[in-house]
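Please read all numbers here as calculations on a predicted model, not as lab measurements.
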Number of protein chains: 2
Amino acid sequence: MVKSKNTEEKILDSAREIFMMKGFEGARMQEIADHAGINKALLHYYFRSKEKLFASIFNKILSQIGPAMLTFINEEIPLEVKIWKFVDSYLELMKKFPRMPLFIINEISINPERIIGHLNFSDFLDLRKLEKILHDEHGKGRIIAVDVKHFIVNIIGLTVFPLAAKIIIQRNLQIQNDEWHQFIEERKKVIPETIMGWLKNMD
Amino acid sequence: MVKSKNTEEKILDSAREIFMMKGFEGARMQEIADHAGINKALLHYYFRSKEKLFASIFNKILSQIGPAMLTFINEEIPLEVKIWKFVDSYLELMKKFPRMPLFIINEISINPERIIGHLNFSDFLDLRKLEKILHDEHGKGRIIAVDVKHFIVNIIGLTVFPLAAKIIIQRNLQIQNDEWHQFIEERKKVIPETIMGWLKNMD
DNA sequence: GTCTATAAAGGGATAGAC
DNA sequence: GTCTATCCCTTTATAGAC
């Protein structure tokens, strides 16, 4: 139950919470209303339908992810620092909303039509610019030649996967709740090490 | 519509298809029945409830994943070959059921209670044995010292993430459907390279 | 075993009072 | 803006004929 906020904010906060926990299909308007401390009718008064309420929070969420990728590419800093900054800012953002990565991947995969138009990372991530950076670094003999697509998938996979699969990883690797935070902190070091080890593997 | 199979098999095949596509909450018994070419009542005749039908296919699916991990650890082969074998067998298995990884991660995360008991990778993956291998290799000066947990998360993340986030990756990296297969084939080489580059980064 | 018909419950949405 | 009461369609599940 959220306090000292106007009704619309309370609804949006509760909707985000419940939708992230249960997904679109599993979420119940009644549960969202209860969580916000109001009744169902008010939800419809403010957002007309479940679909529209969902769209509202989904847009909000996606707009928060872009900035985390901006620093990755645009600043004039060494490649290694770019990677470190991306991993750090992404993992920090996800501390607030740990269910966000899985939620986004799943909702888009189940219902891509609902999302069309919101899914453009090209605003934040200029593939060609990144490709040029990798190409130049290789030209200077600093790194091996790599495909920019695998470069991106590697970094994002190493960063996002443990968050998305948190429960499975915790159970199978026997990481208790109070150790999880530490594990994620370690990844801030491990991920850049992994990527740079790969890029500098010059045998 | 599935043909030339007994009714129970038709139901299980259809249920797997629909559940994987829509998730537990999004799936409809009617849709499963239509897909199997029968009517709703028969679903209940064979499996009593949606929950039980879901449990049946979920168990079946999880039991197919274990073996892909077995080769990874038990065979007496070099570490690099182990990694290669894991990635190869896992990606091959997922060609048949591309939605499996995301489906499993999501259903377990949304409803861990329903799954308890099926989630024990320790049958296939002996952490201590793997830890010993990494420790010995490090002792021989062949690799750097790494935490076995990050080792596993790295390998699985690099392998599973692109499958789970397929649609998002395809759209943002502009990979067409007919190029996706090629992209996954490339990863069979990229992932072992990434891991080994990390492990052998001896500066 | 398989079907049609229907019960029973769930859940999104609206009407109307305050 | 916020509430209660209620509508009504959807969906799971069962009854009963064949």
Side-chain angles (χ1 to χ4, degrees), chain A residues 1-61 99 103 106-107 110-111 113-115, chain B residues 1-61 99 103 106-107 110-111 113-115:
Chain A
M1 163 105 186
V2 193
K3 265 190 168 177
S4 72
K5 289 190 175 176
N6 68 42
T7 303
E8 191 168 337
E9 279 173 344
K10 282 197 289 188
I11 292 175
L12 284 172
D13 285 348
S14 300
R16 195 194 51 237
E17 180 77 13
I18 305 298
F19 275 131
M20 278 199 192
M21 215 154 60
K22 306 285 181 71
F24 177 79
E25 289 285 353
R28 297 287 168 257
M29 295 296 267
Q30 184 63 60
E31 196 176 357
I32 294 171
D34 291 347
H35 188 276
I38 56 168
N39 61 59
K40 269 196 303 180
L42 260 192
L43 294 182
H44 289 93
Y45 175 78
Y46 277 91
F47 294 94
R48 288 195 60 83
S49 72
K50 188 181 180 184
E51 286 270 355
K52 286 191 169 55
L53 176 54
F54 182 84
S56 298
I57 69 123
F58 205 86
N59 291 347
K60 220 179 157 188
I61 287 174
R99 286 178 170 272
F103 171 71
N106 194 57
E107 294 299 331
I110 284 183
N111 195 343
E113 299 76 30
R114 184 160 48 204
I115 319 296
Chain B
M1 162 103 186
V2 192
K3 264 191 169 178
S4 71
K5 289 190 176 177
N6 69 42
T7 304
E8 190 167 339
E9 280 172 343
K10 281 198 289 189
I11 292 175
L12 284 171
D13 285 347
S14 300
R16 195 193 51 237
E17 180 78 13
I18 305 298
F19 276 131
M20 278 199 191
M21 216 156 57
K22 306 285 180 71
F24 177 79
E25 289 286 352
R28 296 287 167 257
M29 295 296 267
Q30 184 65 60
E31 196 177 356
I32 295 172
D34 291 347
H35 188 276
I38 56 167
N39 61 58
K40 272 192 303 177
L42 260 192
L43 295 183
H44 289 93
Y45 174 79
Y46 277 91
F47 294 94
R48 288 195 60 81
S49 72
K50 186 181 179 183
E51 286 270 356
K52 287 191 169 55
L53 176 54
F54 182 84
S56 299
I57 69 119
F58 206 86
N59 291 348
K60 219 179 156 188
I61 286 174
R99 285 177 171 273
F103 171 72
N106 194 56
E107 294 299 330
I110 284 182
N111 196 343
E113 300 77 29
R114 183 160 50 203
I115 319 296

Item to complete: Tell me which nucleotide among D/dT4, C/dC3, D/dG1 gets nearest to the side chain of B/N39.
Response: C/dC3

Discussion item. How many whole angstroms separate atom OH of A/Y46 from atom P of C/dT14?
Written reply: 17 Å

Worksheet, complete the sentence: With sequence neighbours left out, the residues meeting salt bridge (Lys or Arg N to Asp or Glu O under 4.0 Å) with B/R16 are B/D13

Item to complete: Apply side chain to side chain contact (heavy atoms under 4.5 Å, CB included) to A/K60 and list each qualifying residue two or more places apart in sequence or on a separate chain.
Response: A/L12

Worksheet item: Residues two or more places apart in sequence or in another chain: which of them pass salt bridge (Lys or Arg N to Asp or Glu O under 4.0 Å) with A/R28?
Response: B/E25

Worksheet item: Could you state the NZ-P distance from A/K52 to C/dG12, rounded to the nearest angstrom?
Response: 15 Å

Response to the item:
Contacts of A/K22 meeting salt bridge (Lys or Arg N to Asp or Glu O under 4.0 Å) (sequence neighbours excluded), chain-then-number -> A/E31

Practice prompt. Give the rounded distance in Å between these two atoms: CZ of B/F47 and P of C/dT2.
Written response: 12 Å

Response to the item:
Base-pair string, DNA chain C, Watson-Crick plus G-U, cut-off 3.5 Å on both distances, | for inter-strand, is ||||||||||||||||||

Fill in: Heavy-atom pair with the smallest gap, counting every atom of A/L43 and A/M29
CD1-O, 3.2 Å

Fill in: Integer-rounded Å distance: D/dG1 P and A/K10 NZ
13 Å

Practice prompt. Search all heavy atoms of A/I32 against all heavy atoms of A/S14 and return the closest pair with its distance.
Written response: O-CB, 3.7 Å

Response to the item:
In whole angstroms, the gap separating C1' of C/dG1 from NZ of B/K5 amounts to 20 Å

Worksheet item: For B/E107, which residues count as a salt bridge (Lys or Arg N to Asp or Glu O under 4.0 Å) partner, sequence neighbours excluded?
Response: B/R114

Worksheet, complete the sentence: Between CD1 of A/I11 and P of D/dG1 the distance, given in whole Å, is 10 Å

Discussion item. Distance check needed: D/dG1 P versus A/E8 CD, whole Å only.
Written reply: 9 Å

Worksheet item: Who pairs with B/Y46 by ring pair (Phe, Tyr, Trp, His ring centres under 6.0 Å), at least two apart in sequence or on another chain?
Response: none

Item to complete: Please name all residues satisfying ring pair (Phe, Tyr, Trp, His ring centres under 6.0 Å) with B/F54, sequence neighbours left out, ordered by chain then number.
Response: B/F19, B/F24, B/F58, B/F103

Worksheet item: What integer distance in Å separates B/D34:CG from D/dT11:C1'?
Response: 13 Å

Worksheet, complete the sentence: Nucleotide by nucleotide, nucleotides 12-18 of chain D touches protein heavy atoms under 4.0 Å in the pattern (B base, S sugar-phosphate only, - none) BBBB---

